[in-house]
Amino acid sequence: MILIIGAFGQLGSVLTQKLQIKWGVNRVVASDITVNTNYKGLYEQLDATNYKALEQIVIKYRITEIYHLAAILSANGEKDPLRSWDINMTSLLNVLEVSRTQRIHKIFYPSSIAVFGPNADSVNTPQSPNLTPETIYGMSKVAGENWVNYYHKKYGLDIRSLRYPGIIGYQSFPGGGTTDYAVDIYHKAIKNEHFLCFLNSSTQLPMMFMDDAIRATIELMDAPKEKITVRTSYNLASMSFTPKELVKSIQKYYPNFKITYQPDSRQNIANSWPKSIDDSKARVDWGWQSYFDLDQMTKIMIEKLSEYYSIATV
Ligand code: AKB
């Protein structure tokens with residue numbers, strides 16, 4: 001039985017569906033702090049900082065695999081640093097402890113490009129540079145990666161992790177991240193609205209289409225144990241682009257689409273992150289390969305969101 005924590009978030013809502021298809025609806029338990037009355041399947045409301053509540057669910061459903069996706073992301077994390085640290089770390093430590101005591105077979109923990117800071121090379125950032133993040137979210141992910149590695153080494157837990165770039169999909173909305181602009185922009189373009197961008201036009205960041213991110217997660221979790229040589233978190237890459245390049249890609253469908261740049265505090269976060277990532281370790285160890293580039297992603301985003309908003313594509 002699989003438990004997903006943060007099942008109604010940007011990644012969680014898509015991954016939950018995929019896991020239901022892969023394993024069957026009755027083998028997946030969705031949990032989230034929020035309630036979603038439209039959700040079809042096993043569901044438990046859960047605040048993952050509450051150890052007893054988490055333990056009860058694990059025992060009730062005889063959970064054997066956990067995907068811990070709940071976290072306060074980079075931009076939101078800066079609004080209340082101590083609370084964000086507490087939520088991100090307490091929920092992870094609860095997952096690790098319940099996994100140890102209830103003998104969970106496999107755990108997935110998402111990390112992020114936010115673990116990197118100005119002391120890492122920003123182009124083709126390697127797997128193991130000096131990690132000095134400048135956000136609470138990044139700090140919590142570096143600490144989280146080390147805790148995950150510790151539980152693997154000390155207790156033999158099979159915990160696997162990916163450093164996701166910004167994820168872009170049509171199925172769900174992100175919340176509180178620095179890469180969120182790259183999802184919001186498509187919604188504005190399709191609604192023929194003007195887009196106010198909180199990053200400047202030349203801010204290059206690593207990004208990935210949702211389908212690639214989901215496939216990477218499933219491939220990592222399916223990989224034979226002996227292939228997993230990184231027990232902190234794997235660098236994972238697909239494409240890198242700037243807001244200006246993204247606009248160009250969208251203007252192939254919406255030539256009149258307009259953007260204004262008005263950088264805010266999220267610009268400083270983006271400036272401290274890599275421009276591109278070296279994911280050769282993931283490629284070598286478990287055969288990672290991304291399928292989608294910027295224009296392929298734009299085509300699908302526009303088709304799917306046009307259906308969603310019921311507006312014919314140009
Ligand atoms: C964020 O922008 O905070 C996230 C991330 C890159 O982890 N999307």
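Source: prediction; values computed, not measured. Both ligands and their constituent atoms are indexed starting at 1 by order of listing. Only heavy atoms go into these numbers, but all of them, side chains included; no hydrogens, no water, no symmetry mates.
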I need the atoms of ligand 1 closer than 4.0 Å to a non-hydrogen atom of L73, numbered in the order shown. 3 (O)
Ranked by distance from atom 8 (N) of ligand 1, the top protein heavy atom is T179 OG1, 2.9 Å
Please indicate whether any nitrogen or oxygen in S112 is less than 3.5 Å from any nitrogen or oxygen in ligand 1. yes
Between Y39 and S13, is there a side-chain donor-acceptor contact under 3.5 Å, judged purely by atom types and distance? no
Just which atoms of ligand 1 are under 4.0 Å from any heavy atom in W273? 1 (C), 2 (O), 3 (O), 6 (C)
Pair Y181 + Y261: ring centers closer than 6.0 Å: no
Distance flag, aromatic centroids of Y234 and W286, threshold under 6.0 Å: yes
Using heavy-atom distances, let me know which of A71, S74, A182 sits nearest atom 3 (O) of ligand 1. S74
Contact partition for I113 relative to ligand 1, non-hydrogen atoms under 4.0 Å: side chain
When you look for heavy atoms under 4.0 Å from ligand 1, do you find them on the side chain of A114, its backbone, both, or neither? neither
Linked, directly or transitively: Y170 and F8 (ILVMFWY side chains, under 4.5 Å): no
Can you confirm whether more than 12 heavy atoms, excluding those of K106, are under 6.0 Å from its NZ atom? yes
Do K299 and E303 pass the salt bridge (charged side-chain N to carboxylate O under 4.0 Å, His left out) test, and can you show the C-alpha distance, the side-chain angles, and the key distance before you say yes or no? CA-CA 6 Å; K299 184 170 182 290; E303 275 168 16; 3.0 Å; yes
Backbone or side-chain N or O of T178 under 3.5 Å from ligand 1 N or O: yes
